[in-house]
Visitor: 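What follows is a single structure, and I will ask about it in a moment.
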Amino acid sequence: MTRQELINQIKEKRSFLCVGLDTDITKIPEHLQEEEDPIFAFNKAIIEATEDLCVAYKPNIAFYESYGVRGWHALQKTWQILPKHCFSIADAKRGDIGNTSKMYAQAFFDRTVSGMSFDSITIAPYMGKDSVTPFLDFEGKWAIVLALTSNEGSKDFQNFTNHEGKQLFEEVIDKVNQWGDTENLMYVVGATRGEAFLEIRKHAPDHFLLVPGVGAQGGSLQEVCKYGMNKDCGLLVNSTRGIIYASSGKDFAERAREEAILLRNEMERELIHHGII
Ligand SMILES: O=c1ccn([C@@H]2O[C@H](COP(=O)(O)O)[C@@H](O)[C@H]2O)c(=O)[nH]1
């Protein structure tokens, strides 16, 4: 999906919601445990209940890898049913020496080899240029690079300040900007970092940002929009547990939809407020 197609989807759906698919078999409702593939059955129901409300889906790969072949198979099947009108994100946080990164890119981008072709993958940039550029070599695909993450531990490294007063996350963005552009690069910025979006936007005014941390982690959608929204919206705001585990009963899909509607409505208000729709 191109940047313009993503913007069009946001305007059409009046939403910049990304639904996380972190499917934990121990949290899947009882009645689905009887299914041949409970993870896939759960994902299918969540996708069907939310696809008109969101513009992206983000399976976190850990939740599939942890179940071995069974999990990987569920991921492939899930990728196959992701709606074409939604941006797909493999949240894998990969990055290694060049030839290894190329294999990671193949695993998530090259359908002819791996059976999956996500629009994008999340990348940990710590190993530098040769670990990131193999993902950017794939035409039409996106690298979503960790900049300022939502977790408490993000402060351990990401706020490290050099002798010129520049923080590590700012350096990451300035450097990575040289390797790609707004058509193939996004950054991860946690919703829990509120005002830091002001700083982020000085370094990446036009890039899309993937923003996890609303819902279960307590980040504020209003703050994210106040400081982080740009003229094209420029935000994909993710919620996972707050949506997919809204209920552990037979009504899980309906409850997921209700939670997605609440967020979508809030997003619509922000898009109107910022003059985007
Ligand atoms: O900084 C980051 C980067 C990634 N994540 C991932 O996003 C989702 C958040 O799930 P919630 O249930 O909405 O908290 C999850 O897959 C994380 O691994 C993040 O939270 N923060």
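First listed ligand is number 1; within each ligand, the first listed atom is number 1. Just so you know, these numbers come straight off a predicted model, no measurement behind them.
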Visitor: May I ask you to say whether Lys166 pairs ionically with Glu171, meaning some side-chain N is under 4.0 Å from a carboxylate O?
Guide: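 Judged by the 4.0 Å cut-off on N to carboxylate O distance, Lys166 and Glu171 do form a salt bridge.
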Visitor: Say whether, by atom type as modelled, one donor and one acceptor occur between the side chain of Ser150 and the main chain of Pro212 under 3.5 angstrom.
Guide: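 Absent.
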Visitor: Kindly indicate, with the supporting measurements, whether the criterion side-chain contact (heavy atoms from CB on, under 4.5 Å) is fulfilled by Ser88 and Tyr57.
Guide: CA-CA 5 Å; Ser88 58; Tyr57 286 100; 5.7 Å; no
Visitor: Any donor and acceptor pair, going by atom type alone, linking the side chain of His273 with main-chain N or O of Arg269 inside 3.5 Å?
Guide: no
Visitor: Between Tyr245 and Phe252, does the ring centre distance come in under 6.0 Å?
Guide: no
Visitor: Kindly assign one of parallel, tilted or perpendicular to the pair Phe87 and Trp142, based on the angle between their ring planes and the thresholds 30° and 60°.
Guide: perpendicular
Visitor: Does ligand 1 have any N/O pairs with the protein under 3.5 Å, and how far apart?
Guide:
from, atom 1, to, atom 2, distance (Å)
ligand 1, 1 (O), Ser150, N, 2.8
ligand 1, 1 (O), Ser150, OG, 3.4
ligand 1, 7 (O), Lys58, NZ, 3.2
ligand 1, 10 (O), Thr240, OG1, 3.4
ligand 1, 12 (O), Arg241, N, 2.9
ligand 1, 12 (O), Arg241, NE, 2.6
ligand 1, 13 (O), Thr240, N, 3.0
ligand 1, 14 (O), Gln217, NE2, 2.8
ligand 1, 14 (O), Arg241, NH2, 2.7
ligand 1, 16 (O), Asp22, OD2, 2.6
ligand 1, 16 (O), Lys58, NZ, 3.1
ligand 1, 16 (O), Asn60, ND2, 3.0
ligand 1, 18 (O), Asn60, ND2, 3.0
ligand 1, 20 (O), Ser150, OG, 3.4
ligand 1, 20 (O), Gln217, NE2, 2.7
ligand 1, 21 (N), Ser150, OG, 2.6

